[in-house]
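As structure tokens, the structure follows; a few thoughts come after it.
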Amino acid sequence: MLEYTPDRRLTGGLRLPANKSDSTAHPIKRGFNPSRLILSLAQHHGPAAEPVVAVGERVLRGQTVAKAASPTAADVHASTSGVVQSIEECLVPTLTAVDTAPCIIVAADGENAAI
């Protein structure tokens with residue numbers, strides 16, 4: 001059996017070319033801001049979070065829009081600013097399938113204003 005000692009060096013491996021010309025030839029672009037967000041309130045196997053905003057209310061990026069329904073769950077926060085369009089059941093991906101869950105739909109205003 002080979003013993004590892006601190007003075008032993010690992011050698012070999014692959015020396016791959018950097019190929020950075022594609023990524024460094026263009027300027028950095030800002031991320032895509034969607035016009036509509038669908039925030040699922042079912043974030044885990046437990047009960048869905050309870051909404052704390054109402055339809056028509058303005059929300060800011062980082063604002064809590066739903067409180068956790070159990071101690072092991074997490075609150076749901078808005079990822080951009082906008083106006084709450086509706087709170088309804090929507091199709092969302094789960095661990096094993098696509099299922100319906102309560103969601104908050106936010107019409108983004110494009111400002112991305114933070115709380």
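Here the shortest heavy-atom pairing between Asn112 and Ser81 reads N-OG, 3.1 Å. Listed here is the closest heavy atom pair of Arg58 and Gln63: O-OE1, 4.1 Å. For Pro51 against Ile87, the heavy-atom pair with the smallest separation is CB-CD1, 4.1 Å. Residues Ser79 and Leu37 approach most closely at OG-CD1, 3.5 Å, considering heavy atoms. The minimum heavy-atom distance between Ala69 and Pro47, with the atom names listed, is CB-CG, 3.9 Å.
Residues forming a salt bridge (Lys or Arg N to Asp or Glu O under 4.0 Å) with Asp75 (at least two apart in sequence, or on another chain): Lys67.
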May I have the list of side-chain donor-acceptor pairs in residues 91-108 shorter than 3.5 Å, sequence neighbours left out?
from	atom 1	to	atom 2	distance (Å)
Thr94	OG1	Ala97	N	3.1
Thr94	OG1	Ala97	O	2.7

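One distance of note links CD1 of Ile28 with OG1 of Thr24; it measures 10.5 Å at 0.5 Å rounding.
Ile38 and Val83 end up in different hydrophobic clusters when Ile, Leu, Val, Met, Phe, Trp and Tyr side chains are linked at under 4.5 Å. At a threshold of 4.5 Å between side-chain heavy atoms, the hydrophobic network of Ile, Leu, Val, Met, Phe, Trp and Tyr places Leu60 and Val53 in two separate groups.
Under the 4.5 Å side-chain criterion, counting only non-hydrogen atoms from C-beta, His77 is not in contact with Ile115.
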